[in-house]
Number of protein chains: 2
Amino acid sequence: MMFSSPAGTQSALSMRLSHYLPLTAAEADALEEMQGERRRLIAGEVLVEAGGPIDALFVVQQGWFHSSTRPVIGGRQILRFHYPGDLIGTSSIAWSRASASLTAVSDGIVTEVPKAKLGRLLAEHGRLAGLLYAVAAAENVALSDRLTSIGRMNAIQRLATLLLDILARLRVTAGGVVDSFDLPLTQTDLGDALGLTKVHVNRTMREMEMRGMISRSGRRIRVLDEAGLVAFTGFVDRHAEIATDWLPACA
Amino acid sequence: MMFSSPAGTQSALSMRLSHYLPLTAAEADALEEMQGERRRLIAGEVLVEAGGPIDALFVVQQGWFHSSTRPVIGGRQILRFHYPGDLIGTSSIAWSRASASLTAVSDGIVTEVPKAKLGRLLAEHGRLAGLLYAVAAAENVALSDRLTSIGRMNAIQRLATLLLDILARLRVTAGGVVDSFDLPLTQTDLGDALGLTKVHVNRTMREMEMRGMISRSGRRIRVLDEAGLVAFTGFVDRHAEIATDWLPACA
DNA sequence: CGTCCATTTGACCAAGCTCAACCGCCGTGG
DNA sequence: CCACGGCGGTTGAGCTTGGTCAAATGGACG
């Protein structure tokens, strides 16, 4: 059996999953078949509005996205950043209204996955069900890490943790050793992700620069002393891989 | 269609899942078969240590548990509370080391679920795979809510949100209308869950009492103005139910 | 060239933390 | 049966981190 779609249009989801576990042709086909049209978004565009009705998920094909909520008091909390290959909007699985907004951070492309099609995929492809369950579990841990960061760390550690996390995630797709990247986020975004104000994010970045932890030029951030930052924050890279040994063999 | 196991020994997991969706006998059987011996824990006992090796999950049968991490700086972050019917230790699915500690808050009972058995269950019971995936998605949203609470709310709102959440969760199993409960948590625990110190938790509780939001006697907490607190915090009850309409029909 | 938005900086403020002491309850051992 | 010790809760005084408000700078783009 062969992939039904040419390599150029293969979805980022199957690429990501096959990074964890070689997929059979049938599995890859099913993943492709599940996804609808590509939809293009420009930076800042809102894909899903929190509280609004929703009956589909999305796969990020290109670009960065984030999910966020708006607490009653005002302000915003950014919950997670999403990268190519991520399955997003999963709250629509459990409810018919979105629990968070999905916004494009940079220009991006997504494909839509109707809930029912995901249900069928999970039912018909046992190994994929396990793999997707593992990915959901990993997402849980990512949120837990963020929670620990915001709940118990000071501003510098929070920012350092986030930068290390972005770095780790970029390495998954970049392959080689990366120690710098273009950050498509404003300082307001960073603050909303870290539970800080943009003013304090600014001061914190400058202090990190002052202390020789990072250097900046424009949007580009370079992490100068990664080992030091890891020790300083207790950062654990969760992106490198996930266990698949417990999955049953191919059906 | 009948359940194969007598009600007395039926696991809390199948009871919880069948609350969302009536299970077939085969599904209920598979859930029971997956679980090992019951294990009894006393309040404060640690079931799983963060960082330690782990190759199984657990189902809470009785009592409250929590998962927590220890940031480098010291202190502790309680990530979630777990109640009967919850599948816990799910980080073991994605990695072979625990990302958080699991501790019994009150005396409790758990059953063990080997990873491989969960893998088989997901592969062989498509509808359960979908349902468990939905539960994992719901857990994600619960963590997101907590993140928003800690990231963007003040002490009173954080505490109020937690109390409302406990109330909502207790109602799932209690059935009737509950407006008070015995809190098995110390103020230190509350602080670790909310990203506050125990001292400030104390002051915050007393202020809530002063303002007529709650009343306390010993461990018992009564929520006096639930509607007011809901409006004040923007609390959304995620426990009431989850959508199952998208699941395929019985195999 | 002007407008908009992100960044930067300063002065001041306050929510929550730290440190420290004290109280009250309960279980335990003499 | 009572003294002791420990833990959880309560309270006070002073401090720190990060927030608020406000204004200036600077780059990108029409």
Side-chain angles (χ1 to χ4, degrees), chain A residues 42-45 66 71 73-78 103 105-107 149-162 182-211 214-221 232-233, chain B residues 42-45 71 73-78 103 105-107 149-163 182-211 214-221 232-233:
Chain A
I42 59 169
E45 198 174 343
H66 67 61
I73 320 309
R76 179 179 63 153
Q77 176 68 47
I78 293 180
T103 311
V105 172
S106 58
D107 291 356
S149 168
I150 294 187
R152 286 284 178 240
M153 293 181 175
N154 64 27
I156 291 200
Q157 292 173 313
R158 291 187 209 181
L159 186 50
T161 305
L162 180 57
D182 281 314
L183 193 64
L185 306 167
T186 66
Q187 294 181 355
T188 303
D189 292 334
L190 290 172
D192 288 344
L194 299 172
L196 299 169
T197 57
K198 61 184 178 185
V199 174
H200 202 64
V201 167
N202 183 282
R203 287 197 246 262
T204 305
M205 286 195 111
R206 324 214 94 243
E207 182 168 353
M208 289 182 74
E209 219 176 351
M210 206 78 58
R211 291 206 208 169
I214 60 171
S215 69
R216 300 180 304 154
S217 68
R219 302 245 110 164
R220 191 144 201 96
I221 304 246
F232 178 57
T233 57
Chain B
I42 59 170
E45 199 175 342
I73 321 309
R76 179 178 64 155
Q77 177 68 46
I78 293 180
T103 311
V105 172
S106 57
D107 290 357
S149 168
I150 293 188
R152 284 287 178 239
M153 293 182 175
N154 64 27
I156 292 199
Q157 293 173 313
R158 291 188 210 181
L159 187 49
T161 305
L162 180 57
L163 295 178
D182 282 313
L183 193 63
L185 306 168
T186 66
Q187 294 181 354
T188 303
D189 292 334
L190 290 172
D192 288 344
L194 298 172
L196 299 170
T197 58
K198 60 184 180 185
V199 174
H200 202 63
V201 167
N202 184 284
R203 288 197 245 263
T204 306
M205 285 195 113
R206 325 211 95 244
E207 182 169 353
M208 289 182 74
E209 219 176 350
M210 206 79 61
R211 292 205 206 169
I214 60 172
S215 70
R216 300 182 303 154
S217 66
R219 302 244 109 161
R220 191 144 201 97
I221 304 248
F232 177 56
T233 58

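Chain A is the first sequence line, chain B the second, and so forth, proteins listed ahead of strands; every chain is numbered from 1. Note that the structure is predicted; figures quoted are calculated from it, not measured.
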Rounded to whole Å, please give me the gap between [atom1] in [X] and [atom2] in [N].
{"X": "B:L159", "N": "C:dG16", "atom1": "CG", "atom2": "P", "result": "11 Å"}
{"X": "B:L194", "N": "C:dC17", "atom1": "CG", "atom2": "C1'", "result": "15 Å"}
{"X": "B:M210", "N": "D:dT10", "atom1": "CE", "atom2": "P", "result": "11 Å"}
{"X": "B:R220", "N": "D:dG9", "atom1": "CZ", "atom2": "C1'", "result": "20 Å"}
{"X": "B:R219", "N": "C:dC25", "atom1": "CZ", "atom2": "C1'", "result": "12 Å"}
{"X": "A:L190", "N": "C:dT8", "atom1": "CG", "atom2": "P", "result": "11 Å"}
{"X": "B:K198", "N": "D:dG8", "atom1": "NZ", "atom2": "C1'", "result": "8 Å"}
{"X": "B:I150", "N": "C:dG16", "atom1": "CD1", "atom2": "C1'", "result": "14 Å"}

*asked:* Whether B:Q187 contacts D:dT10 is assessed here as follows: a side-chain N or O lying under 4.0 Å from the phosphate OP1 or OP2. Is that the case?
replied: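 Checking B:Q187 against D:dT10: at least one side-chain N or O falls below 4.0 Å of OP1 or OP2.
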
*Indicate whether OP1 or OP2 belonging to D:dT11 is found under 4.0 Å from a side-chain N or O atom of B:R206.*
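For D:dT11, OP1/OP2 do have a side-chain N/O of B:R206 under 4.0 Å.
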
_A:T186 side chain reached by A:R219 side chain, heavy atoms, under 4.5 Å_ =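 A:R219 vs A:T186: side chains touch.
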
*Heavy atoms, side chains only, cut-off 4.5 Å: are A:L190 and A:L183 in contact?*
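Of all side-chain heavy-atom pairs linking A:L183 with A:L190, at least one is under 4.5 Å.
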
*Letter per nucleotide, 5' to 3', of nucleotides 17-30 of chain D [B base touched, S only sugar-phosphate touched, - untouched; heavy atoms, 4.0 Å]*: -BSBB---------

*Candidate pair B:E207 and B:R211, rule salt bridge (charged side-chain N to carboxylate O under 4.0 Å, His left out), full reasoning*: CA-CA 6 Å; B:E207 182 169 353; B:R211 292 205 206 169; 2.8 Å; yes

*asked:* Let's see if you can work this out: which of D:dT11, C:dA6, C:dT9 has an atom nearest to the side-chain heavy atoms of A:N202?
replied: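 The closest nucleotide is C:dT9.
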
*For the residue pair B:Q77 and B:A193, what are the closest heavy atoms and their distance?*
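Result for this residue pair: NE2-O, 3.3 Å.
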
*Atom pair CZ/CZ of B:R158 and B:R152 - distance to nearest 0.5 Å*: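 It is 11.0 Å, given to the nearest 0.5 Å.
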
_Atom pair CG/CG of A:N202 and A:L196 - distance to nearest 0.5 Å_ =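 Going from CG on A:N202 over to CG on A:L196, the span is 12.0 Å.
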
